[in-house]
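To start, the structure under review is shown below, and the notes come after it.
These numbers come from a predicted model, not from an experiment. Note that these values count all heavy atoms, side chains included, but never hydrogens, waters or copies made by symmetry. Naming: A, B, ... by sequence-line order, numbering from 1 per chain.
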Amino acid sequence: MTPAMSDAERLLDVDDLRVSFRTEEGVVHAVDGVSFHVDRGEVLAIVGESGSGKTVTGMSLMGLNRSPNATFRGRATLKGRELLSASDAELRRVRGGEIAMIFQDPMTALNPVQRIGDQIVEQIRAHEPLSKAQALDRSVELMERVGVPRAAERLRSYPHEFSGGMRQRVMIAMALSCSPELLIADEPTTALDVTIQAQILRELDQLRRETQAGVILVTHDLGVVAEIADRIAVMYGGRIVEQGTLDELFYDPQHPYTWGLLGSITRVDRDRPGRLPAIAGLPPSLLAPPSGCHFRPRCPHEFDKCVQRPELEVRDPAQPDHCDRCWLAVEDKRRLRVVDGEIGLAAKQGKVVA
Amino acid sequence: MTAAPLLEVEHLQLYFPIRRGVIVDRTIGHVHAVDDVSLSLGEGETLGIVGESGCGKTTLSRAIVRLLEPTGGAIRFRGREITRAGRRELAPVRRELQMVFQDPQASLNPRKRVGQIVGAPLVLHGVKGAAVERRVRELLGRVGLNPEHVNRFPHEFSGGQRQRIGIARALAVEPKLMMLDEPVSALDVSIQAQVINLLDDLQDEFGLAYVFVAHDLSVVRHVSDRIAVMYLGKIVESSPAEELYTKPIHPYTVGLLGAIPIPDPRQNRARRRLVVAGEPPNPIEPPSGCRFRTRCPRATDVCAAVEPQLTEYAGGHVAACHHPLNVTDAEIAAARRSPLSPLSSGDQLPQPHASLPGGDAAEVAAEG
Amino acid sequence: MARFVVRRLLSMVLVLFAISILTFLIFQAIPNGDPAVRMAGRLATPEQIAQIRQSWGFDDPIWQQYLTTMGKIFSGDVVSYTQQLNVLDQIKQALPATLSLSIGAGIIWLFFGVLFGLISAIKAGRFTDRALTVLALVGVSTPVFLLGAVALYFLAFKLTIFPNGGYVPLTDDPVDWLYHLILPWCVLSVLFIGVYSRVLRSNVLDTMSEDYVRTARAKGISERRVMVRHVLRNSMIPIISLWSLDFAAVIGGGAILTESVFNLQGVGQYAADSIQQLDVPPVLVVVMLGAFAVVILSALTDVIFAFLDPRIRLTG
């Protein structure tokens with residue numbers, strides 16, 4: 001399914017990942033057959049809106065959402081080692097050691113009652129036999145590297161004494177502390193101001209170049225994606241609906257949902273349109289998703305074949321890395337996606353209640 | 001702009017006192033949340049207020065609807081002074097001045113049914129009996145919700161739908177002006193577009209004026225007639241909406257624009273950006289002179305010594321900067337001091353570019 | 001810190017003043033509350049009553065009576081109306097029993113409350129959790145006098161495992177002291193264990209869903225360390241304040257029922273007896289003692305709070 005690449009650089013392989021949760025209302029199929037891979041030194045962006053399954057995917061790789069009510073199927077291997085079925089002890093070595101994670105809200109992601117230094121040291125010492133003093137020394141280096149001024153002194157501070165941007169730098173320092181091979185960044189800049197976001201993105205990009213770690217960037221923001229991603233997977237209703245390189249996704253998007261996403265972004269670089277092209281309706285319920293294509297109820301180009309489940313396949317042989325889940329013919333797509341001269345989603349005929 | 005503005009704010013100040021003391025609290029300092037801000041808004045217009053967290057935009061919007069008590073200055077709504085108005089005087093104004101909050105989850109009472117939430121302002125203003133329900137259904141339909149859902153609770157709706165409920169509630173009493181405090185920030189991209197379009201339609205239909213508060217420049221572009229950029233309690237630039245994007249004058253505005261990632265990889269790779277370094281300073285003791293100077297690549301001595309006045313350039317574009325970008329020396333010569341300028345600001349016009357060491361306006365352009 | 005101490009001292013004076021006035025006034029308002037009549041006995045002549053009234057100062061204006069009583073309390077020679085014994089001496093005698101009861105019970109209920117609460121939270125939704133929930137409800141809703149009486153009847157009277165009430169000073173015989181206190185401790189603790197385990201359970205569940213706990217797990221530290229260093233420590237903060245207030249209330253006479261059932265002759269029992277006889281001075285002293293304990297302990301809690309949670313500043 002995933003396009004062939006030189007396996008020497010292959011870091012992470014995810015094949016047909018399925019995650020479901022038992023709830024009082026029924027079984028939620030949060031992730032429904034997701035496959036992708038991440039190579040050393042590359043940034044894969046997983047893009048989607050709330051409820052698309054993008055966060056669950058990231059958390060599942062680290063086993064952070066294991067619970068008696070959760071079921072995991074499929075395979076996820078990090079350099080050949082299976083993650084989904086790993087024991088708790090194995091997982092502990094992976095977490096923070098081989099895969100590190102940066103979370104969305106730096107305001108709540110650090111323990112408010114522990115000193116910053118202690119929190120970084122705790123992670124280092126969980127993976128390496130260092131003394132507390134040695135671990136502190138390394139923490140100072142890390143903090144300086146991610147641009148925290150007066151690092152040695154600030155290690156003694158508590159999280160509330162830091163601004164949001166500085167806390168996110170601390171989170172990055174912590175994530176890097178054991179030289180992970182894969183970094184999962186879950187909306188790392190969403191809670192930050194734009195000028196701080198630009199600084200943090202720059203930081204992440206530089207670190208990725210220096211450490212050659214693979215990065216999974218989970219986000220809803222296509223602007224951020226355009227900034228640092230190499231490849232993109234667009235998720236909708238628990239499935240990847242389109243996957244390809246940055247340029248393929250932005251300049252030759254194949255799935256109507258991707259068109260809708262690209263069309264509905266408010267942009268500073270273009271004249272304002274009279275009306276923002278919105279995607280009508282709401283995302284599907286993961287309790288009882290529609291049969292066939294999950295985007296079908298909101299798609300203006302729906303036709304009879306859409307009740308069958310489309311597979312994630314390469315549909316244009318000229319683009320072997322570019323695959324999508326849409327039944328439309330490639331030439332039709334290229335025609336249908338142009339709305340008022342820009343890529344966008346046409347309005348759906350008939351009433352769709354918001 | 002129409003003859004008599006709907007809303008006028010003059011030299012508005014709102015300071016939060018910091019109190020400390022052993023037995024009796026004494027005020028030992030102030031957070032200068034809003035520090036001498038002037039603006040005006042005509043009927044049916046939209047003013048976007050943009051700035052990063054801590055710039056005072058939310059405080060400003062709450063001071064205007066008098067949820068917070070202003071420290072100084074004046075607020076006039078339809079020509080009537082409401083800065084110090086008491087509860088009774090405010091009542092009729094409150095009806096015409098409604099607020100929609102950022103977090104639709106937190107601003108709706110989870111124990112009330114949608115019908116009660118939207119109907120509450122109606123009942124408060126004397127509508128009775130079956131007329132309330134009829135009007136509520138009408139409003140729900142108008143904001144794109146199913147009128148049959150009057151008996152549902154807020155948690156049964158998605159985020160975007162909840163924001164529609166908040167809008168219906170504000171709309172219920174037929175306001176003239178709606179304060180929208182980051183109304184779409186908490187919503188998904190595709191839902192943001194729906195809500196913005198709805199706000200657009202409602203404006204056309206009811207002739208509403210909006211004050212639209214946002215933290216970045218991309219969303220306000222679509223709704224605003226005029227945009228004001230705030231930094232640390234002051235307006236640093238204000239202009240007709242489109243011009244702010246094509247011809248930003250203040251270095252902070254340029255930095256804000258440059259910081260927004262453009263969802264277009266080729267353009268992103270191509271553009272040179274002015275990155276605003278560092279973080280905003282402490283609003284308790286803001287920097288002297290120009291408040292942005294500590295982060296500004298163009299700052300010189302004059303920026304620390306003299307607070308820049310709001311200079312009015314051609315076309316009603318005002319900016320408070322000693323070393324403006326994207327304006328020619330001729331434009332500077334033709335400019336004049338804006339009456340919106342803070343009272344404490346100096347009265348000198350910006351310096352011509354030749355005086356700036358190595359300075360050339362084209363060096364840092366918006367998208368160059 | 002200076003501000004904190006000064007403010008707390010000020011508020012303590014205010015609280016003591018307010019509560020003493022309130023208590024004093026309540027007793028003035030109670031019908032048949034005239035102490036002279038009661039002190040004179042059943043067959044007293046009006047002259048006798050008038051004489052008592054005059055010698056004890058009961059016909060002075062209320063504010064003056066209040067001042068006299070308060071003066072006596074602070075100079076240490078306040079005397080009860082009925083027994084005419086020095087109130088402070090009486091309380092000093094009763095205090096060891098009350099302190100023994102409350103300190104022991106306080107430790108027990110804190111320990112078991114936290115233990116059960118933690119287990120309940122970790123097993124949330126499973127059988128153990130449900131069983132503990134039912135137990136906690138039973139514990140909370142069983143009145144102390146019933147529980148105490150039942151325990152005494154079966155364990156002391158029928159099976160004679162435990163002594164039938166009473167208090168033995170620690171200095172006389174530590175083992176006997178312990179032996180006499182086990183039942184009262186348990187009986188007093190049951191209610192609090194029920195409440196605390198429920199409070200801690202919900203605190204722990206809230207904390208477990210905090211982002212920083214997820215961060216801690218993502219670091220690869222052991223689950224045990226996550227629970228102890230990140231979950232439990234943060235969940236305990238509100239428990240500490242609850243505990244110190246309850247503890248203060250128990251010291252200040254809140255264990256009246258337990259003390260009476262087990263005949264411990266503690267402060268609470270003393271207060272209960274005095275209330276029955278409408279004897280103002282002892283009640284006043286006990287009430288003020290309780291208020292004093294509450295104020296001091298809550299100040300202490302705030303200090304502990306500020307230590308546990310760096311975001312909190314001591315401001316009074």
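For C:Phe305, the CZ atom counts as densely surrounded, since its 6.0 Å shell holds more than 12 non-hydrogen atoms of other residues, nucleotides or ligands. Crowding of A:Arg154 atom CZ: a count of heavy atoms from other residues, nucleotides or ligands under 6.0 Å exceeding 12.
For A:Leu64 against C:Arg214, the heavy-atom pair with the smallest separation is CD2-O, 4.1 Å. Summarising the geometry of C:Leu308 relative to A:Val113, their closest heavy-atom pair is O-CB, 3.4 Å, with the distance given to 0.1 Å. Nearest heavy-atom pair, A:His160 versus C:Pro310, reported as atom, atom and distance to 0.1 Å: CE1-O, 3.5 Å. Contact between A:Pro112 and C:Arg311 at its shortest, heavy atoms only, is CB-CZ, 3.3 Å. Scanning all heavy atoms of the two residues, the minimum distance from A:Met62 to C:Ala218 falls at CE-O, 3.5 Å. Closest non-hydrogen pair, A:Leu110 versus C:Tyr212, comes out as C-CB, 3.4 Å.
For C:Asn234, the part lying under 4.5 angstrom from a heavy atom of chain A is the side chain only. Proximity to chain C (any heavy atom under 4.5 Å) is shown, for A:Glu161, by neither the backbone nor the side chain. With a 4.5 Å cut-off on non-hydrogen atoms, A:Ala100 does not touch chain C at all. With a 4.5 angstrom heavy-atom cutoff, C:Ile237 touches chain A only via side-chain atoms. Only the side chain of A:Met174 comes within contact range of chain C, judged by heavy atoms closer than 4.5 Å. For C:Arg229, the parts lying near chain A are the backbone and the side chain together; criterion is any non-hydrogen pair under 4.5 Å. For a residue to count as touching a neighbouring chain, one of its non-hydrogen atoms must lie under 4.5 Å from one of that chain's; by this rule A:Pro159 does not touch chain C.
For the pair C:Lys219 (side chain) and A:Ala175 (backbone), a donor-acceptor distance under 3.5 Å is absent.
A donor atom on one side chain and an acceptor atom on the other are found under 3.5 Å apart for A:Glu122 and C:His230.
The structure places CD1 of C:Ile221 at 12.5 Å from CZ of A:Arg125, a figure rounded to the nearest 0.5 Å. Atoms CG and CD, from A:Asn111 and C:Glu210 in turn, are 9.0 Å apart once rounded to the nearest 0.5 Å. Note that the CZ atom of A:Phe103 and the CG atom of C:Asp211 stand 7.5 Å from one another [nearest 0.5 Å].
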